[in-house]
Amino acid sequence: MTETEAAGGPAHIKRRSHMINKKGRFVMFPIETISAKMLDYYVGRSDALIIDLRDAGSYNKSHVKGAVNVPYGELEGEYDFPKEKLLVFYCDRGGASMAAAREFVRRGYRTRSVIGGFAAYRGRNLVISR
């Protein structure tokens, strides 16, 4: 037992998108994914925040109704969202949203990542700018 554990401190070490438990084994953070079709379920909910990770130009052309635009590159800093909200991330194809969801789970948030990203979305809450 380490001094930190003996003093009642953490029994694990946090590292990027995983932790190392007391036995020295990697523990991955669980990331829940949803289909693009399920994205409509979260539109307009007061307990959820939909976050579009694409660049501002793509967001301005079209996005999911109610989504806020936070380009993926801006998440590198200590970006904070309301902890009581479920964060629903989407990007172009799903890779960046998965990475963002993993990072924010590590920070203590509840998250969802959209499989296939905006490219797969065909829902009724599409906002298109003309």
Side-chain angles (χ1 to χ4, degrees):
M1 180 179 287
T2 67
E3 286 182 36
T4 304
E5 290 173 356
H12 59 272
I13 301 168
K14 290 185 178 182
R15 302 234 174 123
R16 289 189 174 221
S17 62
H18 61 272
M19 294 185 300
I20 300 174
N21 66 14
K22 287 193 257 188
K23 295 181 180 179
R25 294 189 181 130
F26 288 106
V27 179
M28 294 298 293
F29 289 103
I31 305 302
E32 289 193 42
T33 58
I34 61 169
S35 68
K37 186 176 182 177
M38 278 296 297
L39 195 48
D40 283 336
Y41 174 74
Y42 295 98
V43 172
R45 285 183 43 177
S46 62
D47 66 335
L49 180 61
I50 301 173
I51 303 163
D52 185 325
L53 298 172
R54 300 173 305 143
D55 63 75
S58 297
Y59 175 84
N60 290 332
K61 285 170 86 174
S62 60
H63 58 272
V64 174
K65 181 175 149 184
V68 296
N69 182 226
V70 181
Y72 181 73
E74 292 181 18
L75 292 177
E76 293 293 320
E78 290 299 314
Y79 212 97
D80 289 322
F81 296 108
K83 287 272 191 177
E84 70 277 2
K85 299 223 182 224
L86 172 68
L87 306 181
V88 181
F89 293 101
Y90 73 86
C91 59
D92 284 319
R93 295 199 173 113
S97 65
M98 182 64 87
R102 185 172 290 120
E103 173 61 22
F104 278 85
V105 162
R106 188 187 68 75
R107 295 183 194 180
Y109 291 85
R110 296 176 303 122
T111 67
R112 301 288 182 276
S113 175
V114 178
I115 298 171
F118 190 74
Y121 182 70
R122 303 286 183 269
R124 64 183 179 273
N125 291 293
L126 182 63
V127 176
I128 301 173
S129 300
R130 295 178 194 259

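Counting from 1, the numbers follow the sequence of the chain as shown. These numbers come from the heavy atoms of this one structure, side chains and all, not from hydrogens, waters or symmetry mates.
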- prompt: So, the side chain of Tyr109 versus the backbone of Phe81: is there a donor-acceptor pair under 3.5 Å, distance only?
  reply: yes
Asp55 versus Gly57, closest heavy-atom pair with distance: OD1-N, 3.0 Å
- prompt: When hydrophobic residues are tied together by side-chain contacts of less than 4.5 Å, even through go-betweens, does Met98 share a cluster with Ile115?
  reply: no
field: Common cluster, Met38/Ile50, ILVMFWY with side-chain heavy-atom separation under 4.5 Å
entry: yes
Minimal non-hydrogen separation, Val64 against Tyr90, with atom names: N-OH, 3.1 Å
task: Would you check if Ile34 and Tyr41 make a side-chain contact, meaning some heavy-atom pair closer than 4.5 Å?
output: no
task: Identify the heavy atoms of Ser113 and Ile31 that sit nearest to each other, and give their distance.
output: CB-CG2, 4.4 Å
- prompt: Which heavy atom in Arg54 sits nearest to a heavy atom in Asn69, and how many Å separate them?
  reply: O-ND2, 2.9 Å
Result of checking Leu49, Val114, Val43, Asp52 against Val88 for side chain to side chain contact (heavy atoms under 4.5 Å, CB included): Val114
message: Under the criterion side chain to side chain contact (heavy atoms under 4.5 Å, CB included), I'd like the reasoning laid out for Ser62 against Ile128: C-alpha separation, chi angles, the key distance, then a yes or no.
response: CA-CA 4 Å; Ser62 60; Ile128 301 173; 4.2 Å; yes
task: State, to 0.1 Å, how close Cys91 and Ser97 come at their nearest heavy-atom pair, and which atoms those are.
output: SG-N, 3.4 Å
field: For Asp80, all residues meeting salt bridge (charged side-chain N to carboxylate O under 4.0 Å, His left out), sequence neighbours excluded
entry: none
statement: Taking every heavy atom of Tyr72 against every heavy atom of Ala99, the minimum-distance pair comes out as OH-CB, 3.4 Å
statement: When rounded to the nearest 0.5 Å, the distance separating CG of Asp47 from CZ of Arg110 is 6.5 Å
query: Which word best sums up how the rings of Phe104 and Phe89 line up, parallel for under 30°, tilted for 30 to 60°, or perpendicular for over 60°?
result: tilted
Return all side-chain donor-acceptor pairs below 3.5 angstrom for residues 116-125, not counting sequence neighbours, or 'none' if the list is empty.
residue, atom, partner, partner atom, Å
Tyr121, OH, Asp40, OD1, 2.3
Tyr121, OH, Asn125, N, 3.1
Arg122, NH1, Ala119, O, 2.8
Arg122, NH2, Ala119, O, 3.4
Asn125, ND2, Asp40, OD1, 2.9

Within 6.0 Å of CZ in Arg45, more than 12 heavy atoms from elsewhere: yes
message: According to side-chain hydrogen bond (donor to acceptor under 3.5 Å, both in side chains), who are the partners of Thr111, at least two apart in sequence or on a separate chain?
response: none
